[in-house]
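Inspection log for the structure reproduced underneath, given as structure tokens.
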Amino acid sequence: MSGDLKTPGNLEGWLQGAGQPLPGSSVPWLAAQRAGALERLRADGIPDNKSEGWRYTSIRSLVDQPFSRYAEQVTGVEAADLEDLLVPDLDAYRVVLVNGRVVPALCNLDGLPAGVRAGSLREILEADPDAVEGRLTAIAGGGVHLFTALNTAGMDDGFVLLVPPGTVVEQPIELIHLSVGMDEPRVAQPRHLLVLEDGAQAVLIERYVSLGDSLYCTNSVLEISLGSDSVLKHDRIQQESFNAFHLTGLYLSQGRASRYESVNVALGAAWARTDLVVRFTDRAAECDLKGLYLAGDKQVTDFHLDVEHGVPGCASRESFKGVLYGKGRAVFDGRVFVAPDAQKTDAHLSNKNLVLSRNAEVDAKPQLEIHADDVKCSHGTTVGQIDADALFYLRTRGIRAPLARRMLCMGFAEEIIQAIGTDALQGYVSGLVGERLEKAPLE
Amino acid sequence: MLSVKGLTANVDGKQILKGLDLEVGPGEMHAIMGPNGSGKSTFAHVLSGREGYEVTGGSVRFEGTDLLGLEPEQRAQKGIFLAFQYPVELPGVNNTYFLKAALNAVRKARGETELDAVSFMRLMKERLKILHLDDSLLKRAVNAGFSGGEKKRNEIFQMTLLEPKLAILDETDSGLDIDALRIVAEGVNALRSPERSMIVVTHYQRLLDYIVPDYVHVLAKGRIIRSGGKELARELEEKGYSWIAGEEAA
């Protein structure tokens, strides 16, 4: 791959490195997708900060980084290295990616129900690319921004889960992205594909963790297809290094009467952006997106929701909460679109922010675009401080002001944390958030 | 125990308390009655250290300490408890965690050790029974989604747990039906002791049928204009506040 982008910030460099060839190069449909994505990248260039999707988050600070692909697969990570990063008492199947590549020795997928395919994208593309044709890259399409195209051009590995009709995977599957710092700043571009056929059910826990606090970038894309009456519960915990850049583009396609529930918790990274893109393809589908973000000094966290009600009778709930302190910054851009014939749509969007210092900032932009007339839709955004009455109440019970403030922040966050489906994970996240608040300067 | 002398206080720049005097001895139950806007709740909040209530003159001493120089939590740790007229809802704040934090803060200030988990649960369950409250309350968020009666009972429950030296009950009877009122009164009476003092702020005499005061004070226009025994409350109920206010004017 050669040829520089006309705009500064050599993103094509991100695709280069001395690693193994990208998987699927001999698969014609995928090769065409990769080439198309690269073409789009070159043609479109890098958006400036006046473009709507990047108005509040500096893309410059990201694209100016001289990232390159991870060279070789990391082999030195052993189960013992992971131990401190695991969720205590969590019973789950486990898939571990180290620097964007699946490490089979760290995975445990034994005992999955018959017919379920689960494993490395690289392996599937080598052995049986037909299994993912029509799904991989098709769900995301061109994507909402250039980083999806970049991932398509450079996807290196990822997790594939194919659940056949009517099959229920009861135990959660935990997908761990571990980043291990290298001397050079590297980028991992994992690509995940989850397909739940009609009536299938699964629980996915997706975590981003790191060993050390090095500078790296994760640019992950998830494509999820839910068949009729299928149910996916998806909890996502982002605990990247505080020097890292993190991007997720999640593309969800929901069939008739399918249900998707997710809790997105963003705690780490210096710069993080998550795009959640939901498309309903048939009636009676429901999605429930929840999120919690904490941002302190030297942190920017950004959530973009893009939920399109293109068909009648679907329901969406979006409820995101943020706690900002120090010089932390957050962006919440929630778009819900209701097409003219999407009657009986039920859509509610809520974003609440607790801003604990004068230097913290949040840009909240809920957008409800309704083109149908028989719908139930609402949205609400709040940006506020700790409630003085609540603080006084706690203090009259002998609780010192700093602890009282922390209790109220924790209470604010709990509403989202309690929506996490797996008890062990819920307790773990509650602990993580508590720890963060304990260290946060709450003015 | 509590000595209030010439207390004046402003709220939003407006003078509400205009020279209030009150002496409360150990074990005494004082009722403060008065018409709306007389300064009853302001007085309760000033005693607890609410921000926004500006004390402009006078003194408040509690067991010899200048109370006005203390933060709200320090006052609580010294043994002052305010039962709120409108208990605040704290969504997401678990009741058990809250009660434990409060009890441990107060115990620590008293030089006692923290309670272990088993003793803590036993104590809570015992005190819940006094207020006819269900154990499920412990799992809920503080006051969140509670009915008016539940909130008031939760206040008194907290009081029985924290065992203050001086309890201030701010319009605890408002919004309670007669059964809830009886339960709340039982909780208050269970706590009466020769060491524990109480100030009951109320608009109506009704509460005082269940919680019998040693002294009744009438607060009007920011000052106590009449003090007497429990019979004063009944007299007020019959003749109305205008009776005293009229006498005062004469």
Side-chain angles (χ1 to χ4, degrees), chain A residues 263 265 290-292 294 319-323 350 352-354 356 380 382 384-420 423 426-427 429-438 442-443, chain B residues 44-45 47-53 70-110 139-144 151 154-155 157-159 161-164 166-168 170:
Chain A
V263 178
V265 180
K290 287 193 172 66
L292 172 68
L294 264 66
S319 173
F320 280 69
K321 282 186 162 186
V323 180
S350 149
K352 294 179 180 165
N353 297 280
L354 204 47
L356 302 172
T382 61
Q385 280 98 42
I386 287 176
D387 180 57
D389 290 336
L391 186 60
F392 176 63
Y393 187 79
L394 288 174
R395 294 176 75 188
T396 62
R397 300 311 186 237
I399 298 168
R400 290 186 312 115
L403 176 59
R405 284 197 191 92
R406 224 158 47 229
M407 284 171 73
L408 293 171
C409 291
M410 200 62 211
F412 177 79
E414 276 293 340
E415 185 199 352
I416 302 297
I417 297 171
Q418 281 169 11
I420 291 175
D423 285 351
Q426 195 185 103
V429 173
S430 193
L432 289 179
V433 173
E435 259 172 51
R436 277 291 294 280
L437 291 174
E438 205 151 316
L442 307 179
E443 284 168 25
Chain B
H45 280 98
L47 290 182
S48 318
R50 180 78 164 99
E51 265 176 50
Y53 291 75
L70 300 180
E71 297 292 336
E73 57 267 41
Q74 293 172 316
R75 299 182 196 203
Q77 289 164 6
K78 287 211 171 294
I80 291 182
F81 180 90
L82 171 66
F84 281 59
Q85 181 179 4
Y86 303 108
V88 183
E89 296 200 9
L90 308 176
V93 178
N94 173 270
N95 225 339
T96 301
Y97 181 73
F98 158 69
L99 294 168
K100 201 172 205 170
L103 184 60
N104 283 335
V106 169
R107 286 181 67 94
K108 202 174 155 199
R110 291 200 293 239
K139 292 193 183 107
R140 294 164 69 182
V142 183
N143 293 326
K151 282 181 185 166
N154 193 27
E155 293 293 287
F157 164 60
Q158 290 172 29
M159 181 173 93
L161 209 56
L162 299 180
E163 302 179 327
L166 172 67
I168 304 153
D170 187 9

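Naming convention: chains lettered A, B, ... in sequence-line order (proteins, then strands); numbering from 1 in each chain.
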Chain B heavy atoms under 4.5 Å from A:Leu391: which part of the residue, side chain, backbone, both or neither?
neither
Heavy-atom proximity to chain B below 4.5 Å, by part of A:Ala401
both
Drop me the distance from [X]'s [atom1] to [Y]'s [atom2], to the nearest 0.5 angstrom.
{"X": "B:Glu73", "Y": "A:Arg395", "atom1": "CD", "atom2": "CZ", "result": "4.0 Å"}
{"X": "A:Glu414", "Y": "B:Leu90", "atom1": "CD", "atom2": "CG", "result": "13.5 Å"}
{"X": "A:Thr396", "Y": "B:Leu162", "atom1": "OG1", "atom2": "CG", "result": "9.0 Å"}

Which atoms of B:Ile80 approach chain A - backbone, side chain, both or neither, heavy atom under 4.5 Å:
backbone
Go through [options] and name the one with the most non-hydrogen pairs under 4.5 angstrom from chain A.
{"options": "B:Val106, B:Val88, B:Leu82", "value": "B:Val88"}
{"options": "B:Phe81, B:Phe84, B:Tyr86", "value": "B:Phe84"}
{"options": "B:Pro72, B:Ala76, B:Ala101", "value": "B:Pro72"}
{"options": "B:Arg75, B:Arg50, B:Glu71, B:Gln77", "value": "B:Arg50"}
{"options": "B:Ala105, B:Ala102, B:Gly52", "value": "B:Ala102"}

According to salt bridge (Lys or Arg N to Asp or Glu O under 4.0 Å), does anything in residues 76-103 of chain B pair up with another residue at least two apart or in another chain? List the pairs.
B:Glu89-B:Lys151
Under a plain distance cut-off of 3.5 Å, with no hydrogens placed, do A:Tyr393 and B:Asn143 share a side-chain donor-acceptor pair?
yes
Please walk me through it: do A:Phe392 and B:Glu51 pass side-chain contact (heavy atoms from CB on, under 4.5 Å)?
CA-CA 8 Å; A:Phe392 176 63; B:Glu51 265 176 50; over 6 Å; no
Please say whether more than 12 non-hydrogen atoms of neighbouring residues, nucleotides or ligands are located less than 6.0 Å from CZ in A:Arg406.
yes
A:Arg397: which residues meet the side chain to side chain donor-acceptor pair (under 3.5 Å) condition with it, sequence neighbours left out?
B:Glu155, B:Gln158
Can you name the nearest heavy-atom pair linking B:Phe98 to A:Met407, along with the distance?
CA-CE, 3.7 Å
